[in-house]
Amino acid sequence: MSLKGKTLFITGASRGIGLAIGLRAARDGANVAIAAKTAEPHPKLDGTIHTAAEAIEKAGGTALPLVVDVRDEGQVKAAIDATAARFGGLDIVVNNASAISLTNTPATDMKRFDLMHQINTRGTYMVSKHAIPHLEKAGNPHILMLSPPLDMQEKWFAPHLAYTMAKFGMSLCVLGLAGELRARGIAVNALWPRTTIATAAVQNLLGGDALMRASRTPEILAEAAWRIFRKPSRDFSGRFLIDDSFLAEEGVTEFSYYRVTPGVPLAPDFFVPDTSVPPPHAFD
């Protein structure tokens, strides 16, 4: 199943994982709404909604750049409605926008706490909520969260409680919406990387150049997302997927392509359950 003619609404799509997912869909000839805050160049971050739109068009898709703060309900609803009006409907929603602060409780000010919860949990809930009336008219509708499995272990919460709560809030949306929307034929799934991914957050907030070299590229998540969207929405929902394990289920056996730097040991990401075994050759 191709995504040609399908319409995607992707939050945080001006760079990184969100843009990579949009580009993979664009190669099929999809329509991609780029919903992000960055309209003007940022001194520390590459990409804007306009440069992303150019890349989507160059890849073979049709782009709609939209300035959207996922904390603002008016902007969210207007952007979703504009996407459906522009392309005659809405097929896929990707909740990718996220905020991160790996601080312990005394070091987390409430402004940062609120930001993470407003973008991660509330933003995901709100985007999904306003997309439902459009998605239920689609032939094979999907909602995808870039959020982790609900692995309720102390080790994930103790070091950075506020961030973990906000990310797991996105995953709770998956758990609840998958059940709520199953009868309407709308699939709701989560996708999470086994290793760190080479994004601006890794570069600027987590580990700089060294961690970037030990990461995989966003294209591994883009390929996994593309394969999720091709699944029948009535049969494939409520899944918490790890990128390489899901790709292995799909018959993928070669993962070295996604390494940033061949030969450098890959760095594990947060929140991957101990019971999740990497597929064969995943770290070759």
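Hydrogens, waters and symmetry mates are skipped; everything else that's a heavy atom, side chains included, is used. The chain is numbered in sequence order, starting from 1.
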Over 60° means perpendicular and under 30° means parallel, so classify the ring planes of Phe157 and Phe168, tilted if in between.
perpendicular
Hey, is the main chain of Asn95 close enough, under 3.5 Å, to the side chain of Thr124 for a donor-acceptor pair?
no
Kindly write out the residues that satisfy side-chain contact (heavy atoms from CB on, under 4.5 Å) with Leu19, not counting sequence neighbours, or none if the list is empty.
Leu23, Ala52, Ile56
Hydrophobic cluster mates of Phe283, side-chain heavy atoms under 4.5 angstrom, ILVMFWY only, any path?
Leu266
Testing the 3.5 Å rule here: is there a donor-acceptor pair between the side chains of Asn140 and Ser233?
yes
For the side chain of Ser237 and the backbone of Val188, is there at least one donor-acceptor N/O pair under 3.5 Å apart?
yes
Taking the six-membered ring for Trp, are His160 and Phe270 ring centroids under 6.0 Å apart?
yes
Just by distance, with hydrogens left out, do His130 and Asp81 show a side-chain donor and acceptor under 3.5 Å apart?
no
Quickly, which of Leu8, Thr83, Asn31 forms a side chain to side chain contact (heavy atoms under 4.5 Å, CB included) with Leu90? Name it, please.
Thr83
Within the supplied structure, the quantity of interest is the number of heavy atoms (other residues, nucleotides, ligands) at a distance under 6.0 Å from Arg112 CZ; does it exceed 12?
no
Taking everything shown except Gln153 itself, do over 12 heavy atoms lie less than 6.0 Å from its CD?
yes
In a check of side chain to side chain contact (heavy atoms under 4.5 Å, CB included) between Trp192 and each of Asp243, Val272, Leu241, Leu221, which one passes?
Val272
salt_bridge(Arg24, Glu223) N-O dist < 4.0 Å:
yes
